[in-house]
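Working notes for the structure below.
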There are 2 protein chains.
Amino acid sequence: MSLKLRKKVDPLPGCPMSKCMALLSGLWTPELIWCLSHGARRFSELQRNNPTITAKVLSGRLRDLQARGVISRAVLATSPPSVEYQLTSLGMELIPAITSIVEVGSRLLLRDSAGEQ
Amino acid sequence: MSLKLRKKVDPLPGCPMSKCMALLSGLWTPELIWCLSHGARRFSELQRNNPTITAKVLSGRLRDLQARGVISRAVLATSPPSVEYQLTSLGMELIPAITSIVEVGSRLLLRDSAGEQ
DNA sequence: CTGTATCCCCGTGGATACTG
DNA sequence: CAGTATCCACGGGGATACAG
């Protein structure tokens, strides 16, 4: 794990770009929002979908996202207790941006594999 | 400057999301790509468009972006010498993602100002 | 199952000064 | 004008162990 991705700073407060990037900030954050855009997920499900994230970081990101109003947390009265996270309406507004990022990334990956052959 | 934005790590190499985010990584990087998406820009122009970035960080980001193949650098034989940066074809592929981010951010900002009144 | 508590490394980015 | 050279503080995130 050598390539670094994003540090949390808001270079231009009040700027559209920063407004959105601030919500996507934090390692794993876009991945988590992407997972949750497909429906509510439990803690362990998010761990399975992101194999190399540690519990500490996962719970950290989830707390951040909740604090920013991007996701909601619901404790289910099951046994053993489980917790479900899902996007808020604010969180859902991020989906177009996330989708665009995924689409661009997919196209770049396709080109890579095409070029290698 | 308290809000943190992005640290450069690639949590899931080979994943579309990471493929794209890796190119957007680094503080100021999306802003710079956004500036360059409107045409070639000189070093000092980029500084003027991003008032709080320091020369060290700006030249660092530009070197990173060049190394990733996102932008190209051209030294113009003027006097005094000037340097022009512009997006490569790879860099232009990022525009849809950046545009999406800006659009989402703009909508969120509009909502904020509407709610405050 | 869903987290929290420590410890620690190191990259990032700011400040400042200097150069061709 | 277009950078480079240092120095430094900060905090994010990994590893590991533990807890309700």
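We name chains A, B, ... by the order of the sequence lines, and we start the count at 1 in each one. In this text the structure is predicted, and so the values were computed from the model without any measurement.
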Check: A/S106 side chain, B/P16 main-chain N or O, donor-acceptor pair, under 3.5 Å: no
Check: A/M21 and B/P30 side chains under 4.5 Å, non-hydrogen atoms: yes
Under-4.0 Å side-chain N/O to phosphate OP1/OP2 contact, A/R73 with C/dT2: no
Shortest side-chain distance from A/W28, nucleotide among D/dG3, C/dG3, D/dG14: D/dG14
Minimum side-chain heavy-atom gap B/N50-B/L32 below 4.5 Å: yes
Residues touching DNA chain C, which here means a heavy atom under 4.0 Å, drawn from residues 35-44 of chain A: A/R42, A/F43, A/S44
D/dA2 OP1/OP2 closer than 4.0 Å to side-chain N/O of B/S59: no
Closest to side chain of A/S82, choosing from C/dT2, C/dT4, D/dG3: C/dT2
Value in whole Å for how far the P atom of C/dT4 lies from CG of A/D64: 11 Å
Whole-Å gap separating P (D/dG12) and CG (A/L24): 16 Å
Nearest-nucleotide comparison on DNA chain D, the residue closer to the 5′ end among B/P80 and A/I53: B/P80
Protein-nucleotide distance (B/E45, atom CD; D/dC1, atom P), rounded to Å: 10 Å
Quiz item: B/K56 side-chain donor-acceptor pair to C/dG14 base, under 3.5 Å: yes
Atom-to-atom span, CG of B/L58 to P of C/dG13 - whole angstrom: 12 Å
Residue met sooner reading DNA chain D from 5', once B/R63 and B/R48 are mapped to nucleotides: B/R48
SB check B/R111 A/E93 (cutoff 4.0 Å): yes
Nearest-angstrom distance from the residue atom CZ of B/R61 to C1' of D/dG3: 15 Å
Spatial distance of atom CD (A/E84) from atom OG1 (A/T78) [nearest 0.5 Å]: 9.5 Å
Between D/dA2 (C1') and B/N49 (CG): distance, integer Å: 16 Å
B/L32 CG to D/dA2 P, straight-line distance once rounded to whole Å: 14 Å
Residue A/L27, side-chain atoms from C-beta onward, closest of D/dC1, C/dG13, D/dG13: D/dG13
